[in-house]
Amino acid sequence: MRMLQIHSDGFSYEAKRKALKNAEEVKEKSYNTEDSCLVNFIAAETTDAKNVNAAIKATSEMIANAADEVKEKNIIVYPWVHLTESPSKPSVALKLLKGVEKDLKERGFKVVRVPFGWYKAFRLHCKGHPLAERSKVLDISKEIAKTADVDVTEGEDLTALVAEEKSTSEFFIMDPSGKMTPVKEFKYAKHKELELYVNYETAKDRTAQEPPPHIELMRQLELVDYEPGSDAGNFRWPPRGLTLKKAVEERVTAEMVDYGAHVVQTPLIYDYQHPSLKSYLQRFPSRQYVVRSGDKDYFARFSACFGQFLLISQALVTYKQLPLKLFEIAPSYRREQSGELAGMRRPRAFTMPDIHEIVADVEMAKTAVNNQLVFVTKLMNELEVTYEVSFRILRSFFDENKEFVEGVVAKVGKPVMLELFDERYAYFIFKGEWNVVDEQKKAACLGTIQIDVENGERFNITYVDAEGKEQHPLILHTSPSGSIERILYGVLEQAYKDLKTGKVPHLPLWMTPVQVRLVPVNESFIDYCVSLGKSLDKAGIRYEIDDRQQTLGKKIRSAEKLWIPYICVVGEKEKESGKLAVRRRELKDQVVMSEKELVKEINNKTSFAPKQRLLLPKMISLQPIFSREV
RNA sequence: GCCUCGGUGGCUUAGGGGUUAUAGCGUCUGCUUCGUAAGCAGGAUGUCGCGGGUUCGAAUCCCGCCCGGGGCUCCA
């Protein structure tokens, strides 16, 4: 439904002649008032046909709200098909308009409905105040997901939401030996965070007074910040944060290349009308950004699935190439409800490392899960956060593959939460989640492994089997690390937990934007620092030089506030001895070491990560302050 | 999206229907040239989130909007 609302001084119309054969029969062909009124030009759209009653309810609600805002009691309901490019059938439109008329009258408004299906002359006079001209759009697919009195008998409209309500689940803890205990009976004494995680997932205890601590930290460390000039939940990354972001992206990409992935890049926006996408989208409530181009609507992707599925569905794949892996660092968009947004835990725009592994059958899928487990565990450990693991499994799959699940849990090596659900509510039959629990006792999922039994067929993805026949594969959806934003959320919340327990908060050395800061005692040693920096450059170590004219104490403080792990004071002693006075954050000590030793120490600790350059000038005097304190 | 709380120089913040809006940090200038978490002095920086209303007068009260936090919901 699309609607144009004009708050008018006076209104009149005159029905001239029928525009449709089945135009409404009317007694009064004209109407005239000089009273003020709210004129609503309304176009019913094809989507409204899915649930006319919900459309009526929502439309009259919009009109009533608008009328209340401008303190208007007189309502004109005017059929105006030209507002939309996809009008509904006339019968639907008439039903909508009549329903709106009835509903508004019941609400106590004085309503005049202008005849449907006629060519009409009309006159109005817009009042011209700020609320006098407005347009409204109703997306009825959203309402269908919400409203109870919907007929969901047409299979295509069955949403995941509705299916999930029907599905029943049981929750267990499975320990590495395979022993299963209902979550309420498990002894959590040695597994406090698992208890918090289970509480969050089952009891849904979600009260918090304070804002999540990572939000203040991400700004103080100048990693990422809100962008008031964008949509809510879209963030900007100043160079320090971008350095970290790229370091993580490169790290995950390297691991995926080692795993044998084909690295690709696919478009950000997709056609609503594409047949495969259409049926995929209909499984879910609409949470997409819409992009209008020309006269068509596109949606911004909410994961890399579409692009990769479309790419591989048009590729020639043989069984010899399976398992086949496609990987992408996928900037993605989900238009979460405004009240759901929370810093880096839940943004609307995020960067998702996403791998899809195409396998022939369940056996190959199980092998793939075991292989993927290795890198997910490795990457999660590299984040230096504590995490809890859970598996959500279709009960029939679990019953048939109990040994496999036990093997997986044994590999995880600690008790995990197990959810068994009776009815499949999404595309997966098996889903592993690696979650962090934050200071607010809320959980968020980072890494995930899912076995998808639906989309191979939906996207017509095929491979040629040994007999030369085309087969639909199963697909594993996996984010090895979770989104970069969630990772940052995880490491900052972990740092805050450390801070509260008396430990030194830190970012993992391999991803921290600046690994070394050289601090000359006065400006006469800046040149020497520059020459020291040349060998750090060669070693691929990220550093900067505090060339500001400030006291040493202040420069140290400045570096500490940014959690820089190695702070090197450079003065006469260092220049003469060729050694460095190094203040190590992790060990809270001060040691004298040669530059070579320092490089060796850092390289040993970060050997697994690709070298990422620092994405800003090294001289601090040249760096503007984006959001850090000093 | 609904409910709720908030928005005062770049940051943190005082104040609150009535003269030129408070302070600290940062920034700039000068002095200081310093050895491991804040050297000294002086200067500049505010459409008090935006728009409308009430009022002789609004940062302050009212309404709408934007942005953020929390709750509900949601998390493909």
Side-chain angles (χ1 to χ4, degrees), chain A residues 58 66 68-71 129-131 134 139 142-143 145-146 159-161 163-164 201 204-212 215-216 219-220 222 225-234 280-288 301-303 305-306 332 334-343 345-348 350 352 425-428 431 433 440 442-445 448 450 452 454-455 477 483 486 517 519-525 548-562 567-574 581-584 588-590 624-630:
Chain A
D68 287 344
E69 277 166 19
V70 296
K71 301 191 172 48
H129 63 75
L131 295 180
R134 290 195 281 187
D139 179 357
K142 250 192 217 166
E143 303 300 318
K146 278 190 215 158
T159 65
L161 207 67
E164 195 164 11
E201 287 295 332
K204 310 280 182 191
D205 173 18
R206 291 166 182 198
T207 44
Q209 277 78 43
E210 301 290 309
I215 292 179
E216 195 184 338
R219 304 189 68 248
Q220 279 176 0
E222 211 170 75
D225 205 351
Y226 294 100
E227 171 51 73
S230 181
D231 186 29
N234 285 254
Y280 187 37
L281 283 172
Q282 267 163 345
R283 273 201 80 99
F284 304 106
S286 55
R287 283 290 175 84
Q288 294 90 27
R301 67 167 168 206
F302 45 84
S303 72
C305 301
F306 322 101
S332 304
R334 295 184 187 177
R335 201 184 175 288
E336 311 290 6
Q337 297 180 82
S338 55
E340 294 164 358
L341 302 173
R345 191 205 291 139
R346 278 264 267 174
R348 278 184 179 164
F350 56 97
M352 183 68 104
Y425 56 89
Y427 54 73
F428 58 82
K431 182 187 194 188
E433 292 180 0
Q440 299 179 321
K442 296 192 186 202
C445 172
T448 178
Q450 304 163 9
D452 172 355
E454 210 174 87
N455 286 308
H477 294 234
S483 77
R486 278 272 169 90
R517 190 176 272 194
V519 182
V521 294
N522 66 48
E523 75 236 46
S524 66
F525 296 99
R548 292 175 296 189
Q549 312 252 321
Q550 265 165 347
T551 58
L552 184 65
K554 207 159 187 179
K555 289 196 246 191
I556 299 288
R557 179 180 140 83
S558 160
E560 291 285 3
K561 291 212 85 159
L562 288 172
I567 302 167
C568 304
V569 173
V570 177
E572 195 55 47
K573 278 189 263 175
E574 287 70 30
V582 185
R583 186 177 163 116
R584 294 189 291 195
K588 295 194 216 176
D589 65 0
Q590 262 179 58
I625 292 179
F626 292 104
S627 64
R628 67 186 198 269
E629 266 182 59
V630 282

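First the proteins, then the strands, lettered A, B, ... as listed; each starts at 1. In this text the structure is predicted, and so the values were computed from the model without any measurement.
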Would you kindly check whether a donor in the side chain of A:E574 faces an acceptor in the base of B:G35, or vice versa, at under 3.5 angstrom?
-> yes
Taking the same atom, P, in B:U27 and in B:A38, what whole-Å distance lies between them?
-> 16 Å
With rounding to whole Å, what would you report as the distance between B:U22 and B:C48 at their C1' atoms?
-> 12 Å
Starting at CZ of A:R517, measure out to SG of A:C568 and round the result to the nearest 0.5 Å.
-> 11.5 Å
For B:U19, which nucleotide in any strand shown is its Watson-Crick or wobble partner with both distances under 3.5 Å?
-> none
Spacing of A:Q549 atom CD relative to B:U29 atom P, expressed in whole Å | 10 Å
If you check every side-chain atom of A:F302, which of B:A76, B:G35, B:U33 has the closest atom?
-> B:A76
Among the nucleotides B:A76, B:U33, B:G70, whichever has the atom closest to the side chain of A:K431 is B:A76
Does a distance-only test, which skips hydrogens and angles, find a donor-acceptor pair under 3.5 Å between the side chain of A:Q450 and the base of B:A76?
-> no
Check: A:N234 side chain, A:A232 main-chain N or O, donor-acceptor pair, under 3.5 Å | yes
Would you say the side chain of A:E572 lies within less than 4.5 Å of the side chain of A:F525, judging by non-hydrogen atoms?
-> yes
Spacing between A:I215 atom CD1 and B:G68 atom P, to the nearest angstrom = 10 Å
In terms of the nearest nucleotide of RNA chain B, which residue is placed more toward the 5' end: A:R548 or A:K573?
-> A:R548
Give none if B:C72 has no partner; otherwise give the nucleotide forming a Watson-Crick or G-U wobble pair with it, both distances under 3.5 Å.
-> B:G1
Length of the line joining A:R346:CZ and B:C72:C1', which is rounded to integer Å = 13 Å
May I ask you to say what A:G229 touches in the nucleic acid, namely base, sugar-phosphate or nothing, with a heavy-atom cut-off under 4.0 Å?
-> nothing
List the atom of A:R345, the atom of A:A444, and the distance in Å for their closest heavy-atom pair.
-> CG-CB, 4.0 Å
Spacing of the C1' atoms in B:G69 and B:G9 (rounded, Å) = 23 Å
Apply the test side-chain contact (heavy atoms from CB on, under 4.5 Å) to residues A:H477 and A:C305: give CA-CA distance (whole Å), side-chain angles for both, the deciding distance (0.1 Å), then the verdict.
-> CA-CA 8 Å; A:H477 294 234; A:C305 301; 3.4 Å; yes
How is A:A581 classified with respect to the nucleic acid when contacts are heavy atoms under 4.0 Å: base, sugar-phosphate, or nothing?
-> base
Should B:G6 form a Watson-Crick or G-U wobble pair with both distances under 3.5 Å, which nucleotide is its partner?
-> B:C67
Main-chain N/O of A:S627 paired with A:E222 side-chain donor or acceptor, under 3.5 Å | yes
Out of B:A38, B:U33, B:G26, which has the shortest distance to the side chain of A:R557?
-> B:A38
Can you find a side chain N or O atom of A:Q550 that sits less than 4.0 Å from OP1 or OP2 on B:U32?
-> no
Looking for any heavy atom pair under 4.0 Å, which part of the strands does A:V630 touch: base, sugar-phosphate only, or nothing?
-> sugar-phosphate
Look at all strands and tell whether A:E336 reaches a base, only sugar-phosphate, or nothing, counting heavy atoms closer than 4.0 Å.
-> nothing
Remember a base hit wins even if backbone is also touched, and classify A:E523 as base, sugar-phosphate or nothing at under 4.0 Å, heavy atoms.
-> base
Take atom P in B:A44 and the same atom in B:C3, then report the distance between them in whole Å.
-> 46 Å
Taking CZ from A:R628 and P from B:G10, how many angstroms apart are they, rounded to a whole number?
-> 17 Å
Provide, to the nearest angstrom, the distance between the CD atom belonging to A:E227 and the P atom belonging to B:C67.
-> 12 Å
The nucleotide from B:C11, B:G69, B:A37 with an atom nearest the side chain of A:K561 is B:A37
Is there a Watson-Crick or G-U wobble partner for B:A58 with both distances under 3.5 Å, and if so, which one is it?
-> none
Decide side-chain contact (heavy atoms from CB on, under 4.5 Å) for A:R583 and A:V569; before the verdict, give the C-alpha distance in whole Å, the side-chain angles of both, and the deciding distance to 0.1 Å.
-> CA-CA 8 Å; A:R583 186 177 163 116; A:V569 173; over 6 Å; no
Quick one: which of B:U36, B:U73, B:G70 gets closest to the side chain of A:L552?
-> B:U36
Nearest whole angstrom, please: distance from the P of B:A76 to the CG of A:N455.
-> 14 Å
Are OP1 or OP2 of B:A37 and a side-chain N or O of A:R583 less than 4.0 angstrom apart?
-> yes
Answer yes or no: is there a donor N or O on one side and an acceptor on the other, between the side chain of A:K555 and the main chain of A:P520, under 3.5 Å?
-> yes
Out of B:G1, B:C34, B:A76, minimum distance to the side chain of A:S338 belongs to B:G1
What interatomic distance, in whole Å, is found between P of B:G17 and the corresponding atom of B:C75?
-> 46 Å
Among the nucleotides B:A76, B:G1, B:U36, which one has an atom lying closest to any side-chain atom of A:I556?
-> B:U36
Of the nucleotides B:G1, B:A38, B:G71, which has the atom closest to the A:E340 side chain?
-> B:G1
Specify the separation, in whole Å, of atom CG of A:D225 and atom P of B:G68.
-> 11 Å
What is the nucleic acid contact for A:P212, judged by heavy atoms within less than 4.0 Å: base, sugar-phosphate only, or nothing?
-> sugar-phosphate
A:L341 CG to B:G6 P, in whole Å, measures 21 Å
Distance between C1' atoms of B:A14 and B:U8 (Å, rounded) | 10 Å
On RNA chain B, nearest-nucleotide positions of A:N234 versus A:N522: which is more 5'?
-> A:N522
Is there a Watson-Crick or G-U wobble partner for B:U45 with both distances under 3.5 Å, and if so, which one is it?
-> none
Side-chain atoms of A:E572 come closest, of B:C75, B:G35, B:G70, to B:G35
If we call it a pair only when both distances are under 3.5 Å in a Watson-Crick or G-U wobble match, what pairs with B:G30?
-> B:C40
Short side-chain N/O contact from A:K554 to OP1 or OP2 of B:U36, under 4.0 Å = no
Ignoring the backbone of A:Q440, work out which of B:G35, B:U33, B:G70 is nearest its side chain.
-> B:G70
Does B:U33 have OP1 or OP2 sitting under 4.0 Å from an N or O in the side chain of A:K555?
-> no
Counting only side-chain N and O atoms of A:T551, is one of them less than 4.0 Å from OP1 or OP2 of B:G39?
-> yes
For atom P, what is the distance between B:U73 and B:C66, given to the nearest Å?
-> 24 Å
Taking the same atom, P, in B:G10 and in B:C31, what whole-Å distance lies between them?
-> 29 Å
Think A:Y226 has a side-chain N or O under 4.0 angstrom from the OP1 or OP2 of B:G7?
-> no
May I have the step-by-step check of side-chain contact (heavy atoms from CB on, under 4.5 Å) for A:R628 and A:Q220, ending in yes or no?
-> CA-CA 4 Å; A:R628 67 186 198 269; A:Q220 279 176 0; over 6 Å; no
With a 4.0 Å cut-off on heavy atoms, is A:G553 in touch with a base, just the backbone sugar-phosphate, or nothing at all?
-> sugar-phosphate
Minimum side-chain heavy-atom gap A:R334-A:Q288 below 4.5 Å | no
